[in-house]
Structures are given as structure tokens and as C-alpha cells.
Student: 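I'd like to ask some things about the structure below.
One-based numbering along the sequence shown. Everything quoted here is computed from the prediction, not taken from an experiment.
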Amino acid sequence: MDIDAGSGTSGGAGFAHPLLAWLADVDAGIDAAIECPTLSLPLGEYESALRQLAVCEAKLASLRLSLTRQAELNEVRKLTGAANTAGWVQQTTRMGRREASVSVRLAKALDQTLCATGRALSEGEISLGQAQVIERAIRRLPNDVDTEVKAEAEAFLLDSAQTLDVDDLDKAGKHLYEVIAPEDAERRIGKQLEEQERRARRTGR
């Protein structure tokens, strides 16, 4: 990669930060890949190509989350007047409000408490969807659950992610919650049933 370091600080004439220069190369490479005809791709190579694309998507998602986390720490939102980092992400990427909030929360978790999941995502070993499921499963556990237990739960889910898709991994996470915190799970299920009954009464069903 040819990077002109210029004569000094970021934003100066002739200076391109290595990340921006790299992203420009990636963008050009993706454009070239899009223009490449898939018709000539041997049928036996479709699976390999799709898997490689999934790995690339995971690594790019990891980079986006890392940048999001750093933007939050540096309060980049203030440059645009956004109320919070999620608002800034929403403005910048045109995500929906909920998706932006989930993205910021995941970025923080991967940096602070789910470092192993963050590494797996950055290496393309798991997908963004799987990382979101793992974060949600660990967050679901009560605060009084020991840190070591949470780490073991994360390791179990990361291992399971090698063979389970997002839906089945989510089921595994819910089962893990019921095993680790059965009383809390029972209370939560009870509240959900009560809410369903109230909705049913309101609708007359």
C-alpha cells in the first residue's frame, strides 16, 4: 500500500491515515470483485467463495465495532451534535435507531467484557449475528452471577458457534440462562406469561 505520510498531522495536505488508505484499497478491491463475472466460477468453488465472503464480512464488522467504540471514547458525536454515540452511528451509517443502539452496546461489550468474542469476530471465526447472540446471552445473566461463570458461558457459546447457526445458538444461550440462573429464568418466564394474559384480555382473545 502506498501511503503518503505528508509532513505532519492528520488532516494536513497530502496526508492519508493508514486506515483510510487501507479502506480505499479495500473499496477498490470490492469494486473489482463485483465486476468479476461469477458465471465462470466452478460450481465446486461456490461454497468456498461464500465462506470467504462471510469471513470478510465478520472482519469488517469487527473493524466497524472497534471504530465505533473508539469514537464513543473520544466523544466524536460532539462534532455533529448527536445526542449520543448511537445517534452518531445512525446519522453516519443510516442504520435504524435500534440497530445503531445494539451496535454501540456490542462494541462496548467486545471491548470490556467479551474480549474472547471480539477476537473470534476479528478473526472471522464467528459472524456478527453470532456475536450479537453471545452478547445478548451473557447480558441476560443476573448481575450476581460470578465473573468466572460468565467467562465459562462465553467460552461454551463460542465453541457452540462453530457448529450452530444464529437461531440454534440463540436457543443454546437461552438454555444456558435457564441452567445458570433457574430462579431468575422462572421469574422472567412468569412475567412474560402474565403480560401475554393481560394482552389477551385487552384484545378479548
Side-chain angles (χ1 to χ4, degrees), residues 1-4 16-72 85-86 88-139 151 153-176:
M1 183 187 303
D2 184 16
I3 302 175
D4 180 7
H17 188 280
L19 176 59
L20 297 178
W22 179 87
L23 288 173
D25 285 349
V26 171
D27 187 45
I30 292 176
D31 284 344
I34 291 174
E35 293 298 325
C36 182
T38 57
L39 184 62
S40 59
L41 184 67
L43 296 182
E45 298 297 328
Y46 272 69
E47 181 177 344
S48 176
L50 191 59
R51 288 183 181 277
Q52 187 59 46
L53 280 171
V55 169
C56 291
E57 287 176 347
K59 291 182 177 181
L60 285 173
S62 172
L63 178 59
R64 175 173 59 78
L65 291 169
S66 177
L67 185 64
T68 298
R69 176 58 177 160
Q70 196 59 50
E72 182 173 43
T85 303
W88 173 75
V89 170
Q90 185 180 7
Q91 291 175 1
T92 305
T93 65
R94 297 189 293 277
M95 287 183 182
R97 183 178 302 175
R98 181 180 181 279
E99 184 182 5
S101 297
V102 169
S103 181
V104 173
R105 185 180 67 214
L106 179 60
K108 182 177 181 179
L110 297 183
D111 177 51
Q112 291 188 334
T113 58
L114 300 177
C115 297
T117 301
R119 286 193 297 271
L121 182 63
S122 69
E123 294 170 4
E125 295 178 355
I126 62 173
S127 69
L128 174 61
Q130 289 176 314
Q132 291 172 333
V133 166
I134 293 173
E135 186 277 330
R136 187 164 60 245
I138 300 304
R139 179 166 44 85
E154 179 189 10
F156 168 78
L157 291 172
L158 281 173
D159 184 61
S160 300
Q162 302 308 306
T163 55
L164 299 180
D165 62 25
V166 170
D167 293 335
D168 287 339
L169 186 64
D170 188 46
K171 292 177 183 177
K174 291 177 180 177
H175 177 69
L176 195 65

Student: Any side-chain heavy atom of Asp111 within less than 4.5 Å of one from Glu72?
Tutor: no
Student: Nearest 0.5 Å, what's the CD-OG1 distance between Gln90 and Thr92?
Tutor: 10.0 Å
Student: Less than 4.0 Å between a side-chain N and a carboxylate O, is that true for Asp170 and Lys174?
Tutor: yes
Student: Can you see which heavy atom on Ile138 is nearest to which on Ala153, and at what distance?
Tutor: CD1-CB, 3.8 Å
Student: Verify side chain to side chain contact (heavy atoms under 4.5 Å, CB included) between Gln162 and Ile126, making sure each step is shown before the conclusion.
Tutor: CA-CA 7 Å; Gln162 302 308 306; Ile126 62 173; 3.9 Å; yes
Student: Let me see the working for Leu63 and Leu19 under side chain to side chain contact (heavy atoms under 4.5 Å, CB included), right down to the final yes or no.
Tutor: CA-CA 10 Å; Leu63 178 59; Leu19 176 59; 4.1 Å; yes
Student: With rounding to the nearest 0.5 Å, note down the distance linking CD in Glu154 to SG in Cys115.
Tutor: 8.0 Å
Student: Where do Leu157 and Val133 land on the side chain to side chain contact (heavy atoms under 4.5 Å, CB included) test, with the steps shown first?
Tutor: CA-CA 9 Å; Leu157 291 172; Val133 166; over 6 Å; no
Student: Minimum heavy-atom separation for Ala131 and Leu121, please, with both atom names.
Tutor: CB-CD2, 4.4 Å
Student: Testing Val166, Asp168, Asp167 for side-chain contact (heavy atoms from CB on, under 4.5 Å) with Leu164, which one passes?
Tutor: Asp168
Student: Tell me the closest heavy-atom pair linking Ala58 and Ser127, and the distance in Å.
Tutor: CB-CA, 4.4 Å
Student: Hey, is the main chain of Leu41 close enough, under 3.5 Å, to the side chain of Thr38 for a donor-acceptor pair?
Tutor: no
Student: At their closest point, which heavy atom of Ala120 faces which heavy atom of Leu158, and how far apart are they?
Tutor: CB-CD2, 3.9 Å
Student: Is the backbone N or O of Ser62 less than 3.5 Å from a side-chain atom of Ser66, with the two atoms forming a donor-acceptor pair by type?
Tutor: no
Student: Which distance, rounded to the nearest 0.5 Å, do you find between the CG of Asp25 and the CD1 of Ile30?
Tutor: 11.0 Å
Student: Against Ser103, only a single residue in Met95, Gln132, Arg98, Lys108 fulfils side-chain contact (heavy atoms from CB on, under 4.5 Å); can you say which?
Tutor: Met95
Student: Quick check for you: to the nearest 0.5 Å, what is the distance between Glu47 atom CD and Gln52 atom CD?
Tutor: 12.5 Å
Student: Would one find more than 12 heavy atoms of other residues, nucleotides or ligands at under 6.0 Å from atom CZ of Arg139?
Tutor: yes
Student: Are Arg64 and Thr68 close enough, and set up right, to give a side chain to side chain contact (heavy atoms under 4.5 Å, CB included), and what steps lead you there?
Tutor: CA-CA 6 Å; Arg64 175 173 59 78; Thr68 298; 4.3 Å; yes
Student: Does any part of the side chain of Gln130, heavy atoms only, come nearer than 4.5 Å to the side chain of Asp165, both counted from C-beta?
Tutor: no
Student: Is atom CD of Gln112 surrounded by more than 12 heavy atoms (other residues, nucleotides or ligands) closer than 6.0 Å?
Tutor: yes
Student: If I take atom CG from residue Leu128 and atom CG from residue Leu60, how far apart are they, to the nearest 0.5 angstrom?
Tutor: 11.0 Å
Student: With a 4.5 Å cut-off on side-chain heavy atoms, are Glu135 and Thr117 touching?
Tutor: no
